[in-house]
J.: 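Sharing a structure, written as structure tokens. Questions coming.
All ligand and atom numbering here is 1-based and tracks the order in the structure.
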Amino acid sequence: MKDVLRLELPVLPLRNTVILPHTTTGVDVGRPKSKKAVEEALAADRLIFLVAQKDPEVDDPTPEDLYGVGTLAVVKQAMRLPDGTLQVMVEARNRVRLQGFVAAPYLRALGEVLPEPPLADAGLARVLVSEVQEAFERYLQNHKTLRLDRYQQEAIKSTLDPAILADLVAHHATWALQEKQDLLETPEVEERLKKVLALLLRDLERFELDKKIAARVKEQMDQNQREYYLREQMKAIQKELGGGEDFLTEIEELRERIEQKGMPEPVKEKALKELKRLERMQPGSPEATVSRTYLDWLLDVPWTEADPEVLDISVTKRVLDEDHYGLKDVKERILEYLAVRQLTQGQEVRGHAPILCFVGPPGVGKTSLGKSIARSMNRKFHRISLGGVRDEAEIRGHRRTYIGALPGKIIQGMKQVGVVNPVFLLDEIDKLSSDWRGDPASALLEVLDPEQNHTFTDHYLDVPYDLSKVFFITTANTLATIPRPLLDRMEVIEIPGYTLPEKRAIARHFRWPFQVKEAGLEGKLEITDAAIDRIVQEYTREAGVRNLDRELSKVARKAAKDYLEAPWEGVRVVEAKDLEAYLGVPKYRPDRAEKAPQVGAAQGLAWTPYGGALLTMRRWRCRARGR
Ligand code: ADP
């Protein structure tokens with residue numbers, strides 16, 4: 001081992017840089033003490049210690065402010081600039097460890113030159129050299145600001161000396177002060193090369209990442225800028241065309257509503273896409289109207305809004321009794337059905353829960369039972385009349401490409417009720433007909449099938465709509481004409497017609513009090529049982545009570561008119577004999593058996609869904625009385 005070399009020399013503190021051996025660098029010296037140190041060196045053998053400050057902000061560094069390891073350098077040249085600064089060219093030679101400072105008007109220290117230990121593994125060093133050279137080349141290619149001249153590049157490429165290569169690369173690389181200081185404090189060559197390589201590779205990775213991020217940012221920016229630009233241009237055009245401002249606020253309002261509606265994601269996307277289309281349209285144009293109408297539909301249809309649901313059999317029983325006289329079996333079956341539904345709710349079995357179907361003649365209370373069920377479950381009620389529906393589009397809507405296209409009855413109903421869990425009464429399902437316009441029955445089948453109806457597609461809406469929370473009830477006058485596949489899905493409850501005493505009771509306890517109240521004559525008008533019976537027999541002929549109800553309403557309204565003309569004290573009682581005055585001449589004669597047997601006449605009985613009839617057959621003519 002060589003003898004240790006110790007020197008006592010002036011110290012030039014460096015603010016922002018570490019100067020590595022094997023390099024020649026220009027340093028600007030401005031601080032008086034530093035200038036003095038340089039002058040001292042020039043006056044002696046031109047040797048000087050270059051040592052980095054730990055904190056570049058410190059103006060008058062003391063020994064504690066300096067790192068312990070620096071560089072021994074030769075001052076090659078010094079020039080005084082007009083402002084007094086010294087421009088110094090130094091050639092850095094060796095690593096030195098400062099060992100103690102000496103009193104002087106500038107910094108002066110005793111330093112020990114650190115020998116470079118010989119290579120421990122020449123093979124490894126060779127590999128490291130070529131790797132560092134290769135990495136540095138890429139480093140230069142990818143570095144945004146660092147540029148070396150040809151000579152400098154060549155020097156690095158051609159250096160075979162591992163020690164020189166490590167220091168040269170560290171000298172040029174834009175690494176942090178501490179990183180460079182660490183390299184300065186690593187005299188072992190292989191060790192130093194490894195550190196240099198690691199730093200290079202780290203930076204290469206960073207560059208790669210930066211590039212990726214930059215590319216992404218640029219892409220985003222291009223897209224945003226393009227959109228912004230187009231939007232601005234459109235605004236300008238719309239302003240020119242007039243009415244633009246209103247249109248723009250409208251668009252913004254729509255956007256707001258879409259954001260806040262809480263639609264399923266695909267629907268929201270669809271809505272935003274449509275909004276984009278609308279934006280590009282001429283505000284008053286027919287296509288803009290079509291587009292806006294469509295958006296309104298998407299926004300008006302309930303997607304999540306629901307009523308809190310009650311399913312309590314005892315409540316339903318109470319409500320059904322409150323609203324309907326008799327119908328004991330019917331009510332019983334409804335309650336059973338609901339009980340099963342309640343028990344199987346949420347289970348897979350529900351997939352096979354049949355749809356309630358009330359079958360019976362008009363006016364027996366099918367609709368009003370449906371309403372009561374809805375009321376008892378705290379759900380909204382909506383009636384859809386299917387009578388005469390022949391076009392599938394009435395159920396499913398028309399595609400938007402048609403002028404004046406609208407959603408079908410189902411979606412229209414959803415919009416009207418505004419919640420996803422109403423009771424829908426599909427009225428007169430036996431009156432559906434199918435022809436070349438498509439098969440409404442099969443569309444309906446999809447609506448009613450719990451396995452399909454969570455993705456019901458209306459042609460107009462053009463997005464799947466979930467009907468699975470809707471409670472469907474259907475009604476029919478007869479089972480005979482219900483399409484078979486539909487019928488198979490139904491739980492049929494038959495409601496036959498009423499007898500005279502039943503009709504009387506319904507009138508007395510339900511319809512008459514209601515009609516009197518409607519007419520504003522509560523406590524002022526009464527009717528006798530005989531009068532009710534006469535209305536049933538001579539003014540109506542039906543299995544249900546619809547016409548009876550209408551006639552009762554006529555009576556009450558006529559009385560109200562009388563009352564306005566000549567108010568009476570106390571209670572007026574409508575009797576059987578008064579009915580002509582209220583309702584005109586009777587429309588029917590009651591069926592009555594002939595008083596005495598007649599030659600050539602035979603009696604027959606007939607049944608129709610509208611009520612029973614008596615048929616009297618005579619020899620020379622056959623006359624059916626009744627309907
Ligand atoms: P449908 O739907 O079967 O044609 P509605 O439900 O429209 O019959 O009934 C006609 C009218 O008769 C309604 O006002 C209804 O409340 C009344 N009604 C029918 N059956 C009863 C009943 N059992 N008790 C009380 N009112 C009844």
Side-chain angles (χ1 to χ4, degrees), residues 316-335 337 355-377 379-389 409 413 422-432 471-482 490-519 527 529 532-533 535-536 539-557 608-611 627:
T316 308
K317 181 166 166 37
R318 208 192 61 225
V319 173
L320 286 177
D321 285 339
E322 256 168 38
D323 297 350
H324 300 92
Y325 169 84
L327 296 176
K328 200 163 161 295
D329 294 350
V330 172
K331 290 175 186 168
E332 202 68 26
R333 291 207 41 208
I334 292 174
L335 294 175
Y337 170 86
I355 308 291
L356 266 189
C357 178
F358 296 140
V359 178
V364 292
K366 300 183 297 292
T367 309
S368 88
L369 282 169
K371 278 188 194 158
S372 293
I373 292 174
R375 184 157 79 88
S376 75
M377 303 204 303
R379 288 166 163 231
K380 300 236 163 44
F381 177 84
H382 182 77
R383 178 175 163 273
I384 294 175
S385 175
L386 296 175
V389 167
K409 284 173 184 269
V423 170
F424 266 14
L425 186 88
L426 304 176
D427 217 3
E428 301 196 299
I429 198 163
D430 54 332
K431 304 270 190 316
L432 275 181
F471 187 135
F472 289 103
I473 299 176
T474 60
T475 81
N477 289 144
T478 164
L479 292 178
T481 52
I482 301 182
M490 293 190 200
E491 167 95 1
V492 173
I493 297 184
E494 289 195 68
I495 310 175
Y498 295 113
T499 60
L500 175 61
E502 284 172 333
K503 289 183 183 177
R504 191 190 303 135
I506 292 171
R508 163 81 42 234
H509 301 297
F510 292 86
R511 302 321 300 168
W512 176 252
F514 175 81
Q515 297 299 355
V516 169
K517 199 172 162 196
E518 283 285 285
I527 193 166
D529 279 357
I532 294 176
D533 286 3
I535 296 177
V536 170
Y539 288 87
T540 69
R541 183 156 298 234
E542 57 177 351
V545 292
R546 191 172 286 169
N547 292 326
L548 169 58
D549 190 40
R550 193 173 303 144
E551 299 301 319
L552 291 174
S553 149
K554 262 192 226 167
V555 172
R557 287 203 313 263
T608 72
Y610 302 94
R627 282 190 64 84

J.: Does the residue Gly326 have a heavy-atom contact with ligand 1, meaning some pair of atoms that are separated by less than 4.0 Å?
T.: no
J.: Going by distance only, is there an N or O of Gly365 that falls short of 3.5 Å from an N or O of ligand 1?
T.: yes
J.: Is it the side chain (CB and beyond), the backbone, both or neither of Arg546 that lies under 4.0 Å from ligand 1, heavy atoms counted?
T.: side chain
J.: In plain terms, say whether Asp329 and Arg333 are close enough for a salt bridge, that is, a side-chain N and a carboxylate O under 4.0 Å apart.
T.: no
J.: Under 4.0 Å from atom 13 (C) of ligand 1, can you find at least one protein heavy atom?
T.: no
J.: Excluding sequence neighbours, so at least two apart, what forms ring-ring contact (aromatic ring centres under 6.0 Å, His included) with His382?
T.: Phe424
J.: State plainly whether the residues Lys328 and Glu332 are in salt-bridge range, i.e. N to O under 4.0 Å.
T.: no
J.: With heavy atoms under 4.0 Å as the rule, classify the contact between Thr367 and ligand 1 as side chain, backbone, both or neither.
T.: both
J.: At a non-hydrogen distance cut-off of under 4.0 Å, which region of Thr475 contacts ligand 1 (side chain, backbone, both, or neither)?
T.: neither
J.: Quick check on Asp323 - does any of its heavy atoms sit under 4.0 Å from an atom of ligand 1?
T.: yes
J.: Measure Val364 to ligand 1 on non-hydrogen atoms and call it side chain, backbone, both or neither using the 4.0 Å cut-off.
T.: both
J.: So for Gly544, does at least one of its heavy atoms come nearer than 4.0 angstrom to any atom of ligand 1?
T.: no
J.: Any heavy atom of His509 closer to ligand 1 than 4.0 angstrom?
T.: no
J.: Go through the steps to decide whether Asp323 and Lys371 satisfy the test salt bridge (charged side-chain N to carboxylate O under 4.0 Å, His left out), and finish with yes or no.
T.: CA-CA 10 Å; Asp323 297 350; Lys371 278 188 194 158; over 6 Å; no
J.: Quick test: of every protein heavy atom, which one is nearest to atom 24 (N) of ligand 1, and how far off is it to 0.1 Å?
T.: Tyr325 N, 2.8 Å
J.: Would you say Tyr498 touches ligand 1, if touching means a heavy atom closer than 4.0 Å?
T.: yes
